Amino acid sequence: MHLFTKENTLRKHLDFVKAEGHKIAFVPTMGALHEGHLSLINLAAQYADLKLCSIFINPSQFNHVSDLKTYPRLFDQDCHLLEKTACDIVFAPTVEEVYPPGMDFSLNLDLGNLDKVMEGEFRPGHFKGMLEVVKRLLDLTRPDYLIMGQKDFQQFTLVRHMIRQLNIPTRLIIGPTLRESDGLAMSSRNLRLNPEIRTRVPVIFDQLNFLKKYLLEITPGTLVEEAIKVIEKSGLRCEYFQIVDALTLDKVTDPNNHENIVACTAVWAGEVRLIDNLLLKGEIN
Ligand code: AMP
């Protein structure tokens, strides 16, 4: 496995392997890797012969300094896991390498409503920072495939929009959410859950499944109200819980009028904010 921290040495290496005819699949991460991330590396292997993973904690997508400060940093362990998963190239740049001082990487995209709803409402500036870093990393790596997780549904929806709007010659592939055996979506933030709260958080996935079961029998408004009630009874706090069109992220009032529907939620479990989603109807893409 090759490790690069500098953009110019990474570029040289990638130019060389591309000239040899290799295809590259790229998995961007913020480190603190778990099986969910590693499943994306394995998915990458189905599309390309070279798997490239970046580890970069992007400061501009955090809205609270405290969240950035407490974000787990496990670089050596991450490299070990990537090596075991047969990752070919790791790119772990510094902030200055990704954002050289004095250079402006801001994007001017028409995102419509996509960055205003759900996460966009509660995490102002998050998607702007996320899109800028993904665009920057795509410019640096120019991969054939970009592999992202369904876990961050709104994130990949925005990236898909950006790829289309800017005609970026990279194909986006979405991998399914990996879960613990009790349904909790794997996340680097789970490390911060205290053991008592950890026992209560499976209620999130239970309620997503409840919505899926009754989507065509009970109105979305009533379903969501019920799910929030149950989650809050468990001592967690629901920031939002919405049933939306999986393409436009518009709220669904009549499921018969939409081909693809997803339920998305953000829940506070003590000091830890968890997000999750479940496809209720149709498919992703
Ligand atoms: P992160 O480093 O957590 O921001 O995530 C890096 C990538 O891993 C993103 O595309 C996430 O959607 C994806 N990811 C995070 N958690 C999971 C999971 N439990 N299963 C599958 N993919 C995930």
Side-chain angles (χ1 to χ4, degrees), residues 25-47 51-64 67-68 70-75 77-79 81-82 85 87 90-93 98 118-119 123 126-127 129-138 141 143 145-163 170-193 198 201-202 204-205 208 246 262 264-267 269 272-279 284-285:
F26 173 42
V27 181
T29 79
M30 297 205 298
L33 303 180
H34 50 67
E35 280 174 55
H37 299 117
L38 302 178
S39 73
L40 299 184
I41 306 281
N42 288 326
L43 183 60
Q46 293 179 25
Y47 289 88
K51 289 93 69 190
L52 161 68
C53 178
S54 65
I55 299 177
F56 178 62
I57 301 180
N58 175 34
S60 72
Q61 71 188 70
F62 284 81
N63 0 40
H64 297 292
D67 193 22
L68 174 61
T70 54
Y71 202 84
R73 286 160 171 85
L74 301 164
F75 185 69
Q77 180 182 308
D78 289 344
C79 285
L81 289 171
L82 287 171
T85 316
C87 180
V90 179
F91 181 43
V98 176
M118 301 192 291
E119 290 297 287
R123 302 187 65 190
H126 165 67
F127 286 130
M130 181 280 292
L131 285 174
E132 279 167 13
V133 79
V134 172
K135 173 68 167 56
R136 181 85 178 112
L137 291 171
L138 287 175
T141 57
Y145 299 92
L146 171 65
I147 318 284
M148 300 185 88
Q150 186 192 329
K151 162 80 173 23
D152 297 272
F153 198 95
Q154 194 168 4
Q155 170 170 283
F156 85 71
T157 301
L158 276 153
V159 169
R160 178 176 58 199
H161 187 88
M162 175 176 77
I163 286 176
T170 292
R171 193 174 146 204
L172 179 64
I173 307 288
I174 305 305
T177 303
L178 251 72
R179 298 178 180 281
E180 304 292 350
S181 54
D182 59 8
L184 174 65
M186 289 183 185
S187 163
S188 311
R189 289 190 167 85
N190 295 352
L191 294 171
R192 290 169 45 209
L193 291 168
R198 174 66 188 82
V201 290
I204 301 168
F205 189 50
L208 286 166
V262 64
C264 299
T265 186
V267 172
V272 184
R273 186 175 184 276
L274 302 173
I275 60 167
D276 202 353
N277 68 80
L278 190 68
L279 192 71
I284 293 170
N285 278 327

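Start at 1 and go down the list; that is how both ligands and their atoms are numbered. Bear in mind the structure is a predicted one, so any value in this text is a computation, not a measurement.
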Worksheet item: If you count only heavy atoms, which residues are under 4.0 Å from ligand 1?
Response: P28, T29, M30, H34, G36, H37, L40, Y71, M148, G149, K151, D152, Q155, P176, T177, L178, M186

Fill in: Test item: S54 side-chain N/O and F91 main-chain N/O as donor-acceptor pair under 3.5 Å
no

Practice prompt. Kindly indicate whether the side chain of L191, heavy atoms from C-beta on, has any atom under 4.5 Å from the side chain of H34.
Written response: no

Discussion item. Taking the six-membered ring of F205 as reference, does the cationic atom of R179 (NZ for Lys, CZ for Arg) lie under 6.0 Å from its centre and within 45° of its axis?
Written reply: yes

Worksheet item: Ignoring hydrogens and geometry, is there a side-chain-to-backbone donor-acceptor pair from N63 to R123 under 3.5 Å?
Response: yes

Worksheet entry | Ring geometry between F62 and Y71 (parallel below 30°, tilted from 30 to 60°, perpendicular above 60°) | perpendicular

Worksheet entry | Residues that D78 engages under side chain to side chain donor-acceptor pair (under 3.5 Å), provided they are two or more places apart | none

